[in-house]
K.L.:
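First the structure, then my questions, so here it is.
Please read these numbers as outputs of a predicted model, since none were measured by experiment. Each chain gets a letter, A, B and so on, in the order the sequences are listed, and its residues count up from 1.
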Amino acid sequence: MHANEPTWTDERIELLKSRFEAGLSCREIAADIGVSRNAVIGKLSRLNLRREGSGDERRPPRKNGEKGRRPKTAPRLQYQMLRALYAEPQRVAEEPIQDGHRCSLLELSAEKCRWPINTPGAEDFCFCGNTPVEGLPYCAGHTRLAYKPNSHLRVARR
DNA sequence: CCCTGATTCGC
DNA sequence: GCGAATCAGG
């Protein structure tokens with residue numbers, strides 16, 4: 001059926017222009033046509049249809065000396081990649097962490113897991129106290145919790 | 001943190 | 001010429 005998938009046909013370009021002039025965002029246009037957002041933006045730029053004062057900020061032309069592309073060492077890019085990779089499948093089951101070694105702040109040492117238990121300042125506030133992983137302040141279970149990408153989901157401290 | 005647009009560069 | 005990668009602002 002569709003032996004070939006042409007890049008930008010006149011129809012596509014017309015559609016692109018229509019959507020663009022209709023005020024749709026590049027994201028919408030891309031999803032509608034079936035291409036990536038960058039493809040839409042790139043084509044629009046090539047067509048000389050760059051947006052004017054709409055949508056976002058005015059940003060001065062970047063220095064030509066600095067390549068827009070960074071091979072590596074990109075803090076933002078790296079964290080975005082990692083986030084994308086770990087995006088959804090983060091299904092966290094409750095880690096069975098052993099209790100019974102809890103200790104107070106004063107009893108805390110390099111040999112005790114420093115994971116806080118309960119609310120700081122409360123009567124029963126203490127620390128995990130399990131044997132930590134070598135080189136880390138937490139025991140195995142709490143290390144996993146500490147490094148959990150979605151730790152912002154309020155992990156029940158145990 | 002997520003979104004958007006814009007530019008640069010490799011293919 | 002096309003589009004992914006990257007940057008930058010809200």
K.L.:
Could you check whether A/R46 gets within reach of a base, just the sugar-phosphate, or nothing at all, counting any heavy atom under 4.0 Å?
P.N.:
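Answer is base: heavy atoms of A/R46 come under 4.0 Å of a base.
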
K.L.:
Without decimals, in angstroms, what is the distance between A/E28 CD and B/dG5 C1'?
P.N.:
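So the two atoms are 14 Å apart, to the nearest Å.
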
K.L.:
When you measure from the side-chain N and O atoms of A/S36 to the phosphate of C/dG3, is any distance below 4.0 Å, counting only OP1 and OP2?
P.N.:
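No, outside the criterion.
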
K.L.:
Measure from the side chain of A/I41, starting at C-beta and using heavy atoms only, and say which of C/dC2, B/dT7, C/dA4 lies closest.
P.N.:
B/dT7

K.L.:
Rounded to whole Å, please give me the gap between CG in A/N38 and P in C/dG1.
P.N.:
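Result: 18 Å.
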
K.L.:
Whole angstrom is fine here: how far is it from CD1 in A/I13 over to P in C/dG1?
P.N.:
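So the two atoms are 11 Å apart, to the nearest Å.
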
K.L.:
Which residues satisfy the side-chain contact (heavy atoms from CB on, under 4.5 Å) test with A/S36, sequence neighbours excluded?
P.N.:
A/N38, A/A39

K.L.:
Give the rounded distance in Å between these two atoms: CG of A/L16 and P of B/dG5.
P.N.:
12 Å

K.L.:
Measure up the A/H142 and A/W115 rings against each other and bin them: parallel (under 30°), tilted (30 to 60°), perpendicular (over 60°).
P.N.:
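Plane angle under 30°, so parallel.
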
K.L.:
Just the rounded figure in Å: distance from C1' of B/dC2 to CZ of A/R37.
P.N.:
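To the nearest whole Å, that distance equals 11 Å.
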
K.L.:
Could you name each residue pair satisfying salt bridge (charged side-chain N to carboxylate O under 4.0 Å, His left out) that touches residues 25-35 of chain A, not counting sequence neighbours?
P.N.:
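Listed once each, the pairs are A/R19-A/D32.
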
K.L.:
Is it possible for you to say whether A/L15 and A/W8 belong to one hydrophobic cluster, with membership spreading through side-chain heavy-atom contacts below 4.5 Å?
P.N.:
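Yes; tracing contacts between hydrophobic side chains, which count when under 4.5 Å, links both residues.
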
K.L.:
B/dG5 base to A/R27 side chain: any donor-acceptor pair below 3.5 Å?
P.N.:
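When only heavy-atom distances are counted, A/R27 does not reach the base of B/dG5 through any donor-acceptor pair under 3.5 Å.
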
K.L.:
Does A/K43 make a side-chain N or O approach to OP1 or OP2 of C/dG1 shorter than 4.0 Å?
P.N.:
no

K.L.:
Calculate the interatomic distance between A/L44 atom CG and B/dT4 atom P; express it in whole Å.
P.N.:
15 Å

K.L.:
Taking atom P of B/dA6 as reference, at what distance in whole Å does atom CD1 of A/I29 sit?
P.N.:
11 Å

K.L.:
Please state how far atom CZ in A/R12 lies from atom C1' in C/dC2, giving the value in whole angstrom units.
P.N.:
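One finds 12 Å between C1' of C/dC2 and CZ of A/R12, rounded.
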
